[in-house]
Protein chains: 2
Amino acid sequence: MSVEFLWGGRARPTRGPKPALTLEGIADAGIAVADAEGLAAVSMQRVAADRGYTKMSLYRYVPGKAELIAVMVERAIGEPPALSASGWRAALEEWSRLLLGRYLAHPWTIEATVGRRPLGPYEMGWMEVALAAVAELPLSGAERLDTIAVLAGHARMLAQQAAARLGEAEMSTAIAAVLREHGERFPQLTAALAGAATEGGDQAFEYGLARLLDGVEALVRNRS
Amino acid sequence: MSVEFLWGGRARPTRGPKPALTLEGIADAGIAVADAEGLAAVSMQRVAADRGYTKMSLYRYVPGKAELIAVMVERAIGEPPALSASGWRAALEEWSRLLLGRYLAHPWTIEATVGRRPLGPYEMGWMEVALAAVAELPLSGAERLDTIAVLAGHARMLAQQAAARLGEAEMSTAIAAVLREHGERFPQLTAALAGAATEGGDQAFEYGLARLLDGVEALVRNRS
DNA sequence: AAATAACTGATTCCTACGGACACAGTTTGG
DNA sequence: CCAAACTGTGTCCGTAGGAATCAGTTATTT
């Protein structure tokens with residue numbers, strides 16, 4: 001995975017036949033496959049076939065599969081948003097919800113972005129936007145980074161659960177069978193799930209978001 | 001991925017030759033490979049070869065690779081701990097740190113547990129322990145579940161960063177090259193990273209943990 | 001003790017994957 | 001006009017997960 005591929009401008013050479021494909025088109029075809037059938041269904045063959053070309057044609061545009069996935073992720077996450085909310089708390093809420101929306105629209109981006117990898121321009125742009133929202137707060141650089149990292153992690157986790165159709169209600173039904181047989185080993189879990197089922201409403205994202213921002217607010221208040 | 005495989009007791013049949021392998025031994029071999037070379041290096045061939053057997057022998061003990069990974073995850077996460085701390089906040093802190101420790105010991109468990117999958121007994125046990133710690137709080141069942149889910153997600157995220165050797169310091173050096181060229185596009189990011197580098201200390205986990213628990217504390221205080 | 005049912009690990013085969021490489025056709029600059 | 005540079009394609013390789021089958025081993029049954 002080369003950083004240059006994500007960041008460097010790819011100058012179109014002047015000689016030779018016109019390219020029949022574009023990197024963007026290939027990436028979009030890959031995104032379509034991943035959206036419809038998951039990241040595992042994305043293979044060079046499959047993407048090439050969807051565009052009506054052979055597998056090896058793609059290697060004229062992309063060094064390898066890892067780079068293709070990286071470009072797909074960048075395009076799926078998309079350009080960083082311009083936040084309209086005023087005040088750091090409202091801005092962070094807006095940012096988190098927008099990020100969650102992007103993840104929900106392309107759930108495979110989460111498994112595609114585990115582990116060490118180079119960040120693309122769009123991803124860095126998202127960080128920049130969030131950092132601007134907390135710039136006014138009396139926090140250190142590390143604390144500002146940590147704050148938005150925790151928020152992003154929270155959005156990722158919830159998107160992942162939603163993608164697996166594991167809201168509270170679905171989770172209880174999925175685990176219900178197991179719990180029916182081994183429920184006595186997990187009394188707290190049984191009780192909590194029973195309560196969650198009757199209460200209804202899947203507010204996990206908003207709950208975590210509120211707790212996190214409450215925590216930040218408490219820290220800020222403590223310092224001033 | 002069958003739930004029965006993780007939960008059902010595998011009754012040893014009485015007839016036939018003694019099995020030369022055990023599921024636990026196979027899983028441990030897989031864990032050793034994953035610890036040393038990452039989850040991608042875990043193949044049926046590789047695991048079998050490490051035990052001195054052929055690939056297909058493993059299918060006598062495990063239905064497929066997905067189930068092998070699931071068993072590996074269960075054993076790597078390990079038995080849920082008995083918390084020694086008293087008070088919900090200290091207990092949750094202890095639980096989170098222990099969970100982080102397990103993730104750090106076997107970083108591949110994180111990529112192995114993305115997406116929909118059945119939970120094993122140990123994983124449920126960890127949830128049970130954390131839920132017991134928040135049982136005393138005036139929270140609904142859904143709120144209790146959300147609380148520990150956010151904490152677990154935070155531990156996962158930090159373990160993932162640590163596994164990629166992406167502490168604040170390493171992160172700045174990794175992104176430094178990109179930022180040297182495109183730094184003007186990301187002034188907030190540049191400033192935050194510069195600050196984090198001089199401040200030193202990689203307190204991301206403790207920072208997020210403290211913010212989250214502060215948030216929970218604020219909610220609890222509001223209710224009483 | 002002998003027979004048999006049940007289980008063992010090994011062998012062979014298949015499909016699909018990512019990727020290296022050489023090839024023939026096409027476009028453009030000198 | 002022709003050679004350099006670039007295009008897409010076909011062939012080949014190693015490795016992956018897994019199905020089907022086979023011969024050998026063992027405990028229960030008769």
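Keep in mind that this is a model prediction, so the values were computed, not measured. Below, chains carry the letters A, B, ... as their sequence lines are ordered, and counting in each starts from 1.
Side-chain N/O atoms of B:Thr113 and B:Arg156 include a donor and acceptor closer than 3.5 Å.
Taking five base pairs at each end of the helix from C:dA1-D:dT30 to C:dG30-D:dC1 and finding the rotation axis that steps the C1' atoms of four pairs onto the next four gives two axes whose angle is 10°, to the nearest 10°.
You'll find the side chain of A:Thr22 stays beyond 4.5 Å of the side chain of A:Tyr61, heavy atoms only. By the 4.5 Å heavy-atom criterion applied to side chains, B:Leu151 and B:Leu99 are not counted as neighbours. Annotation: side chain of B:Val129 is not in contact with side chain of A:Gln188 (no heavy-atom distance under 4.5 Å). The side-chain heavy atoms of A:His106 and A:Ile77, taken from C-beta on, include no pair separated by under 4.5 Å.
A 4.0 Å heavy-atom criterion places the boundary nucleotides of DNA chain D facing chain B at D:dA16 to D:dT28, written 5' to 3'.
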Scan nucleotides 9-18 of chain C nucleotide by nucleotide, 5' to 3', and note B when protein non-hydrogen atoms come under 4.0 Å of the base, S if they reach only the sugar-phosphate, - if neither. BBBB----SB

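A salt bridge (charged side-chain N to carboxylate O under 4.0 Å, His left out) check over residues 34-43 of chain B, counting only residues at least two apart or in different chains, returns the pairs B:Glu37-B:Arg46.
Legend: residues meeting ring-ring contact (aromatic ring centres under 6.0 Å, His included) with A:Phe205, ordered by chain and number and at least two apart, are A:His154. Scored by the ring-ring contact (aromatic ring centres under 6.0 Å, His included) test, B:Tyr122 finds no partners at all (sequence neighbours excluded).
A salt bridge does not link A:Arg102 with A:Glu79: none of the charged nitrogens is closer than 4.0 Å to a carboxylate oxygen.
With values rounded to the nearest 0.5 angstrom, A:Gln45 atom CD is found 5.0 Å from A:Lys55 atom NZ.
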